[in-house]
Amino acid sequence: MKKMVVIGAGPGGLAAAMMLASKGYDVDLYEKQSYIGGRNASIEAEGYTFDMGPTFLSMVHIAEEIFQSSGKNLHDYVDLIEIEEMYQLIFDDATINMTRNERDMINRLNEIVPGEGDGYKKFMDDTRKKMNALTPILQSKMDRFYHYLRWRVVKALPQLTVSKSLYDVLSTYFNDERMKLAFTFQSKYLGMSPWECPGAFSILSYMEHEYGIYHPKGGVNQLSKGMAKAFEELGGKIHLSKGVKKLLLEGKTVTGVELETGEKVLADEVIINGDFAHVMTNLVDDGVLKKYSKKKLKKKKYSCSTFMIYVGLDKKHDLPHHTIVFANNYKRNVEEITKTLTMPEDPSIYIQNASVTDPTLAPEGHSALYILAPVPSNLSQIDWETQKEKFRELVFKTIQEKTEFKDIEKHIQVEKIITPKNWEEDILVYEGATFNLGHQLTQMMVLRPHNEFEELKKCWLVGGGTHPGSGLPTILESARITTNAIEKQNKHSVKTVNLPVDLGDAK
Ligand SMILES: Cc1cc2nc3c(=O)[nH]c(=O)nc-3n(C[C@H](O)[C@H](O)[C@H](O)COP(=O)(O)OP(=O)(O)OC[C@H]3O[C@@H](n4cnc5c(N)ncnc54)[C@H](O)[C@@H]3O)c2cc1C
């Protein structure tokens, strides 16, 4: 059987490795860190467990399909809990508890502004059609311009709403500013502004309301851990603390990898999961790449970054699992992090209080809080060494003033901070842009780095830097697209299983 090397044990790399191993390939996965999961890893300290990155798991049926196509059952690896009260949104003059129960959601919106509930119903109905039309694009290899001419893609193109931003699209459903933000803030998952993000991404909030948001017991990191376990059961080998120093090349063909230890590993195909721009600037010699040379990569658009605080508290907070606090002037805040690249004056903040749902995450009577404030990427030149403490204080002050999470600082037992500098230097994310290359239309589909990497032969991409983009469901799709394409080249039969969403199973 062909020998495959996967670089990186993030969710994209693990999903591809698991699917390839299940098809009989001889797969070795090399990971630079001593842990599994990449940005989807866990952080553990003194009895507390935090997710490092992803905390929202949606479109569970995609993960179910990926496991099923590997002959496995997701639910044997991950114990999912649905978060029915999905998240609490805190504005300066209102609090909205978002639910996927349609009747309750309509009532709650109408209570705040009569009539806005109708906008919700219409949004869901219209976006359901949009999602159905766009799904073939999200599930197909999109690396030739003629792929736009496939009939199912042609049909979907109007749904990309090319001429409208996400904010414009939602403004056709809601009049109230807070409602518009309640259904557009999800562009932050891509590190983008709702005023810039393509209208097609209205599917993000739709996905949450249609398919729900899940918390795997132990954290979202359990998804990566589950894939790693399944991969090893299928005969795959994971090599931790074994960073890849460079790609081995014969001309433009990748023949294997050289590890940081100096060892050379030959392979028939190499699948790259490490952050795209980081890998291309560090693992490939200057002069080899044209389209994605260091100079050209510098000019691409990147997502924002995130300032993270993980705190273990000796106090239980009986508050929502997910809380989002909006800056009073949200538009200005979004501009600070995506355009002017300046330090946020009044940050928006996301708080995950997962131990309220999942007692395994903290000692009894304690809480494990994950606090995220979007900030500019390192293109901002902000010196986080000198700014870190000041910004941490601002985040705690904002939480104290605007939420019911009071006196956090008095109860801290354990604390860890990740700044954009750490994302770049320790977690190997180019410019600390945590959500990868931006998702502007100029960097999507055919214009995004291709799953079958266009600059090198025998080289494939998976993860948030390739098509269809950042976010766990799309990252899993990238792994499926890449695996299917490898299979096709190897003339195996390829079958995409489409399971119905079975929420009963998932609970
Ligand atoms: C703070 C944060 C919150 C997020 N929240 C959500 C969310 O709620 N829901 C959601 O769907 N998505 C979310 N995301 C986005 C996305 O799901 C995650 O970032 C995801 O982990 C990205 O997966 P990936 O496979 O692209 O790569 P990564 O997770 O980055 O994994 C890449 C791996 O490659 C390794 N690597 C790099 N270079 C080398 C090398 N030279 N040799 C060997 N190994 C190497 C890295 O160490 C890493 O383990 C979030 C991201 C962040 C950062």
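As the structure lists them, so they are numbered: ligands from 1, and atoms in each ligand from 1.
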Tyr35 to ligand 1, any heavy atom closer than 4.0 Å: no
Is there a polar contact, in the sense of an N or O pair closer than 3.5 Å, between [X] and ligand 1?
X	value
Thr55	yes
Asp275	no
Arg39	yes
Met308	no
Met52	no

SB check Lys421 Asp426 (cutoff 4.0 Å): no
Salt-bridge present (Glu260, Lys242; N to O < 4.0 Å):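 Between Lys242 and Glu260 there is no salt bridge, as every charged N stays at least 4.0 Å from the carboxylate O atoms.
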Using a strict cut-off of 4.0 Å, indicate which atoms of ligand 1 neighbour a heavy atom of [X].
X	answer
Thr434	53 (C)
Leu283	41 (N)
Gly12	25 (O)
Asn40	21 (O)
Gly243	42 (N), 43 (C)
Gly8	33 (C), 34 (O), 35 (C), 44 (N)
Gly38	29 (O), 31 (O), 48 (C), 49 (O)
Gly37	29 (O)

Write out the residue and atom name of the closest protein heavy atom to [atom], then the distance separating them to 0.1 Å.
atom	result
atom 43 (C) of ligand 1	Lys32 N, 3.2 Å
atom 49 (O) of ligand 1	Glu31 OE1, 2.6 Å
atom 31 (O) of ligand 1	Gly10 CA, 3.2 Å
atom 22 (C) of ligand 1	Ile475 CD1, 3.4 Å
atom 11 (O) of ligand 1	Leu472 N, 2.6 Å
atom 42 (N) of ligand 1	Val244 N, 2.9 Å
atom 51 (C) of ligand 1	Phe435 CE2, 3.5 Å
atom 26 (O) of ligand 1	Gly464 N, 2.8 Å

A quick test of your reading: do over 12 heavy atoms of other residues, nucleotides or ligands sit less than 6.0 Å from [atom1] of [X]?
X	atom1	answer
Glu389	CD	yes
Lys252	NZ	yes
Lys295	NZ	no

Taking the six-membered ring for Trp, is the centroid-to-centroid distance between [X] and [Y] below 6.0 Å?
X	Y	result
Phe201	Tyr189	no
Tyr206	Phe123	no
Phe185	Tyr87	yes
Phe50	Tyr370	no

Aromatic ring pairing Phe276/Tyr292, orientation class (parallel under 30°, perpendicular over 60°, tilted between):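 Judged by the thresholds at 30° and 60°, the geometry between Phe276 and Tyr292 is perpendicular.
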Parallel, tilted or perpendicular: ring planes of Trp384 versus Phe391, cut at 30 and 60 degrees: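 Ring orientation, 0 to 90° scale: perpendicular.
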Chi angles and distances behind the ring pair (Phe, Tyr, Trp, His ring centres under 6.0 Å) call for His450, His467: CA-CA 6 Å; His450 299 170; His467 173 70; 9.0 Å; no
Ligand 1 versus [X], non-hydrogen atoms closer than 4.0 Å: side chain, backbone, both, neither?
X	result
Tyr30	backbone
Tyr370	side chain
Val429	neither

Only heavy atoms count here, so choose which of [options] is nearest to [atom].
atom	options	result
atom 32 (C) of ligand 1	Leu372, Leu428, Asp51, Asn273	Asn273
atom 36 (N) of ligand 1	Ala479, Ser34, Gly13, Gly274	Gly274
atom 5 (N) of ligand 1	Ser241, Ser470, Pro54	Pro54

Salt bridge (charged side-chain N to carboxylate O under 4.0 Å, His left out) assessment of Lys458 paired with Asp268: CA-CA 7 Å; Lys458 303 284 179 194; Asp268 293 303; over 6 Å; no
Separation of Ser377 OG from Phe435 CZ (nearest 0.5 Å):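 One gets 12.0 Å once the value is rounded to the nearest 0.5 Å.
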Heavy-atom pair of closest approach, residues Ser348 and Asn333: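 Smallest interatomic distance, heavy atoms only, reads OG-OD1, 2.9 Å.
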Sidechain-backbone polar pair: Thr474 side chain, Gly469 backbone, donor-acceptor under 3.5 Å: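 Side chain of Thr474 to backbone of Gly469, a donor-acceptor pair under 3.5 Å: yes, one is there.
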